[in-house]
Amino acid sequence: MLFFLISCFSFLLLSKSFSLKPFLLMTNDWRLLSLPWFWEELCSFIVSWLQKGTLDISFYQASQIMPLKKINHGAKVERVEEERVISLLDLPDLALECILERLSPAGLCSMAEVCASLRERCRSDHFWEKHMKPKWGRLIGDAAYREWECHLASTKRPTLLAQNKQNALLSFVQRIFPLSWIRPKLECKNEPRNSLPVDSIMALFLSLESGKFCFPAQVYNRENRNVGFMLSCYDAKLCYDSQTDTFLASYSTCGRRMTEDNIRWDRIRAPAVDTPSNVLHISDCLSDLNPGDHVEIQWRRNKEFPYGWWYCVVGHLESCSGNENYCHCPYRDTVILEFKQYTPGSRWRRTTISRKDHREEGDEAGGFYGGIRKLYLQDEISTWKSLWPAQILE
(Lines give C-alpha, C1' and ligand atoms only; values in the text may rest on other atoms or scores of the structure.)
Protein backbone atom coordinates (compact mmCIF):
# COMPACT_ATOMS: atom_id res chain seq x y z
CA MET A 1 0.00 0.00 0.00
CA LEU A 2 2.78 2.44 0.95
CA PHE A 3 4.77 1.54 -2.18
CA PHE A 4 1.67 2.16 -4.31
CA LEU A 5 1.14 5.65 -2.83
CA ILE A 6 4.78 6.63 -3.30
CA SER A 7 4.71 5.41 -6.90
CA CYS A 8 1.53 7.33 -7.72
CA PHE A 9 2.81 10.52 -6.11
CA SER A 10 6.12 10.31 -7.98
CA PHE A 11 4.31 9.66 -11.25
CA LEU A 12 2.20 12.81 -10.82
CA LEU A 13 5.25 14.92 -10.14
CA LEU A 14 6.97 13.56 -13.26
CA SER A 15 3.86 14.12 -15.38
CA LYS A 16 3.60 17.69 -14.22
CA SER A 17 7.26 18.26 -15.05
CA PHE A 18 6.86 16.86 -18.60
CA SER A 19 3.79 18.93 -19.36
CA LEU A 20 4.70 22.30 -17.88
CA LYS A 21 8.51 22.61 -17.95
CA PRO A 22 11.24 22.16 -20.48
CA PHE A 23 13.57 19.23 -20.33
CA LEU A 24 16.19 21.27 -18.49
CA LEU A 25 13.81 22.00 -15.57
CA MET A 26 12.81 18.33 -15.53
CA THR A 27 16.38 17.37 -14.75
CA ASN A 28 16.31 19.85 -11.84
CA ASP A 29 13.10 18.26 -10.53
CA TRP A 30 14.83 14.90 -10.66
CA ARG A 31 17.56 16.45 -8.56
CA LEU A 32 14.82 17.60 -6.14
CA LEU A 33 13.49 14.06 -5.81
CA SER A 34 16.95 12.86 -4.90
CA LEU A 35 17.17 15.15 -1.89
CA PRO A 36 16.75 13.34 1.50
CA TRP A 37 14.46 15.98 3.01
CA PHE A 38 11.92 15.43 0.22
CA TRP A 39 11.47 11.78 1.15
CA GLU A 40 11.28 12.66 4.85
CA GLU A 41 8.44 15.07 4.14
CA LEU A 42 6.71 12.57 1.88
CA CYS A 43 6.86 9.81 4.50
CA SER A 44 5.65 12.22 7.19
CA PHE A 45 2.66 13.15 5.03
CA ILE A 46 1.80 9.53 4.31
CA VAL A 47 1.98 8.59 8.00
CA SER A 48 -0.34 11.45 8.96
CA TRP A 49 -2.65 10.47 6.11
CA LEU A 50 -2.84 6.90 7.38
CA GLN A 51 -3.48 8.05 10.95
CA LYS A 52 -6.41 10.18 9.84
CA GLY A 53 -7.84 7.15 8.04
CA THR A 54 -9.37 9.15 5.22
CA LEU A 55 -9.42 8.41 1.51
CA ASP A 56 -10.62 11.74 0.21
CA ILE A 57 -7.40 13.78 0.49
CA SER A 58 -6.54 14.92 -2.99
CA PHE A 59 -3.03 15.35 -4.29
CA TYR A 60 -3.77 19.03 -4.51
CA GLN A 61 -4.37 19.04 -0.74
CA ALA A 62 -1.20 17.05 -0.32
CA SER A 63 0.75 19.71 -2.14
CA GLN A 64 -0.76 22.27 0.23
CA ILE A 65 0.29 20.24 3.26
CA MET A 66 3.75 19.43 1.86
CA PRO A 67 4.72 22.30 -0.50
CA LEU A 68 7.76 21.86 -2.68
CA LYS A 69 10.16 24.78 -2.58
CA LYS A 70 11.60 26.21 -5.74
CA ILE A 71 15.34 25.81 -6.10
CA ASN A 72 17.80 28.33 -7.33
CA HIS A 73 19.12 26.35 -10.33
CA GLY A 74 22.39 28.27 -10.47
CA ALA A 75 23.48 27.40 -6.94
CA LYS A 76 24.11 24.14 -5.19
CA VAL A 77 21.45 23.53 -2.56
CA GLU A 78 22.02 20.96 0.16
CA ARG A 79 18.67 21.36 1.99
CA VAL A 80 15.63 23.62 1.68
CA GLU A 81 13.82 24.25 4.91
CA GLU A 82 10.07 24.56 4.77
CA GLU A 83 8.45 27.46 6.55
CA ARG A 84 6.39 26.13 9.40
CA VAL A 85 3.08 27.69 10.46
CA ILE A 86 2.62 27.67 14.24
CA SER A 87 -0.73 26.17 15.29
CA LEU A 88 -2.56 25.78 18.56
CA LEU A 89 -1.20 22.26 18.95
CA ASP A 90 2.36 23.61 18.93
CA LEU A 91 1.79 25.25 22.32
CA PRO A 92 3.07 23.51 25.46
CA ASP A 93 0.55 21.21 27.10
CA LEU A 94 0.17 23.49 30.14
CA ALA A 95 -0.57 26.56 28.00
CA LEU A 96 -3.07 24.65 25.85
CA GLU A 97 -4.79 23.28 28.95
CA CYS A 98 -5.12 26.80 30.41
CA ILE A 99 -6.80 27.95 27.18
CA LEU A 100 -9.23 25.03 27.09
CA GLU A 101 -10.14 25.49 30.76
CA ARG A 102 -11.40 28.99 29.97
CA LEU A 103 -13.72 27.86 27.20
CA SER A 104 -17.47 27.62 27.70
CA PRO A 105 -19.27 24.32 27.02
CA ALA A 106 -20.19 25.61 23.56
CA GLY A 107 -16.57 26.60 22.98
CA LEU A 108 -15.31 23.15 23.94
CA CYS A 109 -17.80 21.53 21.57
CA SER A 110 -16.66 23.79 18.72
CA MET A 111 -12.99 23.20 19.46
CA ALA A 112 -13.57 19.44 19.48
CA GLU A 113 -14.57 19.64 15.81
CA VAL A 114 -11.23 21.11 14.70
CA CYS A 115 -9.12 17.94 14.60
CA ALA A 116 -8.70 14.52 16.18
CA SER A 117 -6.12 15.70 18.72
CA LEU A 118 -8.26 18.57 20.00
CA ARG A 119 -11.33 16.33 19.94
CA GLU A 120 -9.70 13.97 22.41
CA ARG A 121 -8.56 16.81 24.65
CA CYS A 122 -11.83 18.75 24.63
CA ARG A 123 -13.87 15.68 25.59
CA SER A 124 -11.77 15.02 28.68
CA ASP A 125 -13.69 14.68 31.96
CA HIS A 126 -11.17 17.09 33.49
CA PHE A 127 -12.60 20.06 31.56
CA TRP A 128 -16.28 19.09 31.71
CA GLU A 129 -16.26 18.46 35.44
CA LYS A 130 -15.49 22.18 35.90
CA HIS A 131 -18.78 22.98 34.13
CA MET A 132 -20.76 20.11 35.63
CA LYS A 133 -20.23 20.82 39.33
CA PRO A 134 -21.10 24.55 39.46
CA LYS A 135 -24.34 24.19 37.50
CA TRP A 136 -25.59 20.67 38.16
CA GLY A 137 -23.68 19.45 41.21
CA ARG A 138 -26.38 20.53 43.67
CA LEU A 139 -29.17 18.69 41.83
CA ILE A 140 -27.48 15.54 40.54
CA GLY A 141 -27.20 13.10 43.43
CA ASP A 142 -26.65 9.37 43.76
CA ALA A 143 -30.16 8.59 42.51
CA ALA A 144 -29.57 10.63 39.35
CA TYR A 145 -26.26 8.87 38.64
CA ARG A 146 -27.94 5.48 39.04
CA GLU A 147 -30.65 6.60 36.63
CA TRP A 148 -27.94 7.74 34.21
CA GLU A 149 -26.31 4.30 34.31
CA CYS A 150 -29.66 2.70 33.49
CA HIS A 151 -30.10 5.21 30.68
CA LEU A 152 -26.69 4.28 29.26
CA ALA A 153 -27.51 0.57 29.46
CA SER A 154 -30.74 1.11 27.53
CA THR A 155 -28.97 3.10 24.80
CA LYS A 156 -26.27 0.43 24.41
CA ARG A 157 -28.74 -2.41 23.79
CA PRO A 158 -29.49 -1.48 20.13
CA THR A 159 -25.75 -1.10 19.53
CA LEU A 160 -25.10 -4.60 20.85
CA LEU A 161 -27.83 -6.05 18.63
CA ALA A 162 -26.39 -4.27 15.60
CA GLN A 163 -22.92 -5.54 16.51
CA ASN A 164 -24.18 -9.12 16.68
CA LYS A 165 -25.79 -8.78 13.24
CA GLN A 166 -22.58 -7.30 11.84
CA ASN A 167 -20.52 -10.16 13.28
CA ALA A 168 -22.85 -12.70 11.68
CA LEU A 169 -22.57 -10.91 8.33
CA LEU A 170 -18.79 -10.77 8.68
CA SER A 171 -18.57 -14.51 9.32
CA PHE A 172 -20.73 -15.23 6.26
CA VAL A 173 -18.63 -12.99 4.00
CA GLN A 174 -15.36 -14.46 5.22
CA ARG A 175 -16.57 -17.96 4.40
CA ILE A 176 -17.12 -16.89 0.82
CA PHE A 177 -14.14 -14.52 0.49
CA PRO A 178 -11.49 -15.60 3.01
CA LEU A 179 -9.33 -12.50 2.55
CA SER A 180 -7.56 -10.84 5.46
CA TRP A 181 -8.39 -7.32 4.28
CA ILE A 182 -12.17 -7.77 4.51
CA ARG A 183 -12.40 -7.78 8.29
CA PRO A 184 -10.66 -4.45 9.05
CA LYS A 185 -12.73 -2.63 6.43
CA LEU A 186 -16.04 -3.94 7.78
CA GLU A 187 -15.09 -3.19 11.37
CA CYS A 188 -14.05 0.37 10.58
CA LYS A 189 -17.53 1.17 9.26
CA ASN A 190 -19.04 0.47 12.67
CA GLU A 191 -16.64 2.79 14.49
CA PRO A 192 -17.44 6.45 13.76
CA ARG A 193 -14.48 8.67 14.54
CA ASN A 194 -16.62 11.47 15.91
CA SER A 195 -18.82 9.39 18.24
CA LEU A 196 -19.03 10.75 21.79
CA PRO A 197 -18.17 8.35 24.65
CA VAL A 198 -21.56 7.77 26.27
CA ASP A 199 -20.13 7.31 29.75
CA SER A 200 -18.26 10.63 29.78
CA ILE A 201 -19.12 13.69 31.85
CA MET A 202 -19.49 15.59 28.58
CA ALA A 203 -22.23 13.19 27.47
CA LEU A 204 -24.08 13.60 30.78
CA PHE A 205 -23.76 17.41 30.68
CA LEU A 206 -25.05 17.69 27.11
CA SER A 207 -27.90 15.24 27.81
CA LEU A 208 -29.00 17.34 30.79
CA GLU A 209 -28.72 20.62 28.90
CA SER A 210 -30.71 19.31 25.94
CA GLY A 211 -33.43 17.77 28.12
CA LYS A 212 -32.82 14.30 26.68
CA PHE A 213 -32.08 12.88 30.14
CA CYS A 214 -34.78 13.20 32.81
CA PHE A 215 -33.28 12.80 36.26
CA PRO A 216 -34.82 12.07 39.68
CA ALA A 217 -34.88 14.93 42.17
CA GLN A 218 -37.25 16.57 44.66
CA VAL A 219 -39.44 19.64 44.21
CA TYR A 220 -40.38 22.09 46.97
CA ASN A 221 -44.00 23.25 47.19
CA ARG A 222 -45.21 21.17 44.25
CA GLU A 223 -48.11 21.97 41.93
CA ASN A 224 -47.39 25.69 41.59
CA ARG A 225 -47.19 26.28 45.32
CA ASN A 226 -50.57 24.74 46.05
CA VAL A 227 -51.50 25.47 49.70
CA GLY A 228 -52.03 21.74 50.21
CA PHE A 229 -48.31 21.18 49.60
CA MET A 230 -46.84 24.26 51.26
CA LEU A 231 -43.45 23.58 52.92
CA SER A 232 -43.21 20.07 51.50
CA CYS A 233 -40.79 18.36 49.12
CA TYR A 234 -41.83 15.51 46.78
CA ASP A 235 -39.98 13.16 44.45
CA ALA A 236 -40.24 13.87 40.74
CA LYS A 237 -38.63 13.24 37.35
CA LEU A 238 -37.23 16.49 35.96
CA CYS A 239 -36.36 17.61 32.44
CA TYR A 240 -34.50 20.84 31.78
CA ASP A 241 -35.71 23.44 29.28
CA SER A 242 -32.76 25.55 28.17
CA GLN A 243 -35.04 28.06 26.39
CA THR A 244 -36.72 29.16 29.64
CA ASP A 245 -34.03 27.99 32.09
CA THR A 246 -36.72 26.09 34.02
CA PHE A 247 -37.75 22.48 34.55
CA LEU A 248 -40.67 20.24 33.73
CA ALA A 249 -41.58 17.93 36.63
CA SER A 250 -43.47 14.66 36.46
CA TYR A 251 -44.98 13.32 39.71
CA SER A 252 -46.22 9.80 40.32
CA THR A 253 -49.47 9.75 42.31
CA CYS A 254 -51.61 6.64 42.73
CA GLY A 255 -50.29 5.09 39.54
CA ARG A 256 -50.89 8.17 37.37
CA ARG A 257 -48.57 10.95 36.30
CA MET A 258 -49.03 14.65 37.00
CA THR A 259 -46.85 17.31 35.39
CA GLU A 260 -45.82 20.81 36.35
CA ASP A 261 -43.80 23.21 34.23
CA ASN A 262 -41.78 26.41 34.73
CA ILE A 263 -40.10 25.20 37.93
CA ARG A 264 -37.17 27.37 38.94
CA TRP A 265 -33.81 26.15 40.19
CA ASP A 266 -34.43 27.31 43.78
CA ARG A 267 -37.38 24.90 44.11
CA ILE A 268 -35.33 21.79 43.34
CA ARG A 269 -32.90 19.68 45.34
CA ALA A 270 -31.23 16.30 45.10
CA PRO A 271 -32.91 13.61 47.27
CA ALA A 272 -31.59 14.01 50.80
CA VAL A 273 -31.78 10.26 51.51
CA ASP A 274 -31.86 7.15 49.33
CA THR A 275 -35.21 6.00 50.71
CA PRO A 276 -37.81 5.58 47.93
CA SER A 277 -40.98 7.65 48.23
CA ASN A 278 -43.13 4.58 48.98
CA VAL A 279 -40.87 3.21 51.74
CA LEU A 280 -40.76 4.19 55.42
CA HIS A 281 -37.48 5.93 56.24
CA ILE A 282 -35.53 4.41 59.14
CA SER A 283 -35.01 7.27 61.59
CA ASP A 284 -31.63 7.42 63.35
CA CYS A 285 -32.01 10.78 65.11
CA LEU A 286 -34.89 10.15 67.52
CA SER A 287 -32.71 10.15 70.63
CA ASP A 288 -31.13 13.43 69.52
CA LEU A 289 -34.32 15.46 69.11
CA ASN A 290 -34.68 18.53 71.34
CA PRO A 291 -37.12 21.46 71.37
CA GLY A 292 -36.19 23.97 68.67
CA ASP A 293 -34.58 21.43 66.33
CA HIS A 294 -35.49 21.66 62.65
CA VAL A 295 -36.62 18.37 61.13
CA GLU A 296 -38.30 16.85 58.08
CA ILE A 297 -40.90 14.12 58.43
CA GLN A 298 -42.50 11.82 55.89
CA TRP A 299 -46.22 12.28 55.37
CA ARG A 300 -48.77 10.88 52.94
CA ARG A 301 -52.50 11.30 52.59
CA ASN A 302 -53.28 7.59 52.50
CA LYS A 303 -51.55 4.27 51.96
CA GLU A 304 -51.75 4.56 48.18
CA PHE A 305 -49.95 7.90 47.98
CA PRO A 306 -46.16 8.34 48.01
CA TYR A 307 -44.45 10.02 50.95
CA GLY A 308 -43.40 13.64 50.82
CA TRP A 309 -40.96 15.37 53.17
CA TRP A 310 -42.55 18.10 55.32
CA TYR A 311 -40.75 20.77 57.29
CA CYS A 312 -41.49 21.17 61.01
CA VAL A 313 -39.88 22.09 64.34
CA VAL A 314 -39.59 20.08 67.56
CA GLY A 315 -41.79 21.70 70.20
CA HIS A 316 -42.38 21.45 73.94
CA LEU A 317 -44.79 19.11 75.66
CA GLU A 318 -47.99 20.63 77.02
CA SER A 319 -46.78 19.90 80.54
CA CYS A 320 -43.57 21.87 79.91
CA SER A 321 -43.39 25.59 80.60
CA GLY A 322 -40.82 26.10 77.84
CA ASN A 323 -38.16 27.31 80.27
CA GLU A 324 -34.84 25.82 79.16
CA ASN A 325 -33.62 25.50 82.75
CA TYR A 326 -36.57 23.30 83.74
CA CYS A 327 -37.35 21.56 80.42
CA HIS A 328 -37.53 17.76 80.58
CA CYS A 329 -38.79 17.24 77.02
CA PRO A 330 -35.52 15.69 75.76
CA TYR A 331 -35.94 12.92 78.33
CA ARG A 332 -39.52 12.05 77.53
CA ASP A 333 -40.54 9.27 75.14
CA THR A 334 -43.08 11.49 73.39
CA VAL A 335 -41.88 14.12 70.91
CA ILE A 336 -44.00 17.07 69.80
CA LEU A 337 -43.68 18.24 66.18
CA GLU A 338 -45.04 21.66 65.20
CA PHE A 339 -45.95 22.77 61.68
CA LYS A 340 -45.87 26.51 62.27
CA GLN A 341 -47.08 27.39 58.78
CA TYR A 342 -50.56 26.53 60.12
CA THR A 343 -52.51 28.62 62.59
CA PRO A 344 -52.66 27.56 66.27
CA GLY A 345 -55.66 25.32 66.81
CA SER A 346 -55.52 23.85 63.27
CA ARG A 347 -55.63 20.05 63.14
CA TRP A 348 -52.45 20.21 61.03
CA ARG A 349 -50.53 22.33 63.56
CA ARG A 350 -49.15 19.59 65.84
CA THR A 351 -48.51 15.85 65.96
CA THR A 352 -46.73 13.48 68.32
CA ILE A 353 -44.32 10.60 67.73
CA SER A 354 -42.61 8.05 69.97
CA ARG A 355 -38.84 7.89 70.38
CA LYS A 356 -38.60 4.23 71.36
CA ASP A 357 -41.24 2.61 69.19
CA HIS A 358 -41.49 4.89 66.16
CA ARG A 359 -43.40 3.56 63.16
CA GLU A 360 -45.87 4.92 60.66
CA GLU A 361 -48.62 6.62 62.65
CA GLY A 362 -51.89 8.26 61.63
CA ASP A 363 -55.26 7.57 60.02
CA GLU A 364 -57.23 8.28 56.86
CA ALA A 365 -58.53 11.57 58.28
CA GLY A 366 -55.21 13.17 59.18
CA GLY A 367 -52.83 11.24 56.95
CA PHE A 368 -49.89 9.03 57.91
CA TYR A 369 -46.58 10.22 59.38
CA GLY A 370 -43.42 8.26 58.64
CA GLY A 371 -39.67 8.59 59.18
CA ILE A 372 -37.81 11.65 60.45
CA ARG A 373 -34.50 13.26 59.52
CA LYS A 374 -32.94 16.03 61.56
CA LEU A 375 -31.56 19.07 59.73
CA TYR A 376 -28.00 19.88 60.78
CA LEU A 377 -26.93 22.12 57.88
CA GLN A 378 -27.84 25.79 58.03
CA ASP A 379 -28.23 25.86 54.25
CA GLU A 380 -31.09 23.35 54.41
CA ILE A 381 -32.82 25.31 57.17
CA SER A 382 -32.41 28.59 55.27
CA THR A 383 -33.92 27.03 52.15
CA TRP A 384 -37.06 26.00 54.02
CA LYS A 385 -37.40 29.46 55.60
CA SER A 386 -37.08 31.11 52.18
CA LEU A 387 -40.11 29.10 51.04
CA TRP A 388 -42.28 30.24 53.95
CA PRO A 389 -45.82 31.25 52.85
CA ALA A 390 -46.79 34.88 52.80
CA GLN A 391 -49.81 34.11 55.05
CA ILE A 392 -50.36 31.55 57.78
CA LEU A 393 -52.45 28.64 56.56
CA GLU A 394 -55.68 27.43 58.14
Can you confirm whether [X] is buried at [atom1], in the sense that more than 12 heavy atoms of other residues, nucleotides or ligands lie under 6.0 Å from that atom?
X	atom1	answer
R269	CZ	yes
K303	NZ	yes
E324	CD	no
R257	CZ	yes
K135	NZ	yes
K340	NZ	no

**Item:** No-hydrogen, no-angle side-chain donor-acceptor test under 3.5 Å, Q341 and W348
**Value:**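 Result is no, nothing qualifies.
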**Residue pair S354 / D333, side-chain donor-acceptor N/O under 3.5 Å** =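 Yes.
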Is there side-chain contact between [X] and [Y], with at least one heavy-atom pair below 4.5 Å?
X	Y	value
P291	C327	yes
W309	V273	yes
F305	N302	yes
L108	M202	no
I336	T352	yes
Y145	L204	yes
R373	E380	yes
R267	F247	no

Might you point out which heavy atoms bring [X] and [Y] nearest each other, and give the distance in Å?
X	Y	answer
T275	V279	CG2-O, 3.3 Å
E360	L280	N-CD2, 4.1 Å
R119	A112	CB-O, 3.2 Å

**Prompt:** Does the disulfide (SG to SG under 2.5 Å) test come out yes or no for C329 and C320, once each step is laid out?
**Reply:** CA-CA 7 Å; C329 296; C320 179; 3.8 Å; no
**Asked** Which class fits the ring pair W136 and W265: parallel under 30°, tilted 30 to 60°, perpendicular over 60°?
**Response**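 Plane angle between 30° and 60°, so tilted.
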**Prompt:** Between D93 and R121, is there a side-chain N and carboxylate O pair less than 4.0 Å apart?
**Reply:**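 Yes, D93 and R121 are salt-bridged.
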**Prompt:** Under 4.0 Å between a Lys/Arg side-chain N and an Asp/Glu carboxylate O for D379 and R138?
**Reply:**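 No, D379 and R138 are not salt-bridged.
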**Item:** Reported OG1-to-CG distance for the pair T343 and L393, which is rounded to 0.5 angstrom
**Value:** 8.5 Å
**Item:** Reported CG-to-CD1 distance for the pair L337 and I353, which is rounded to 0.5 angstrom
**Value:** 4.5 Å
**Request:** Measure from NZ or CZ of R300 to the centre of the six-membered ring of Y307, then state whether that distance is under 6.0 Å and the direction lies within 45° of the axis.
**Result:** yes
**Message:** Quick check on ring-ring contact (aromatic ring centres under 6.0 Å, His included): which of F339, Y342, W384 does Y311 satisfy it with?
**Reply:**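 Only one option passes, and that is W384.
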**Item:** Donor-acceptor under 3.5 Å (R355 side chain, V335 main chain)
**Value:** no
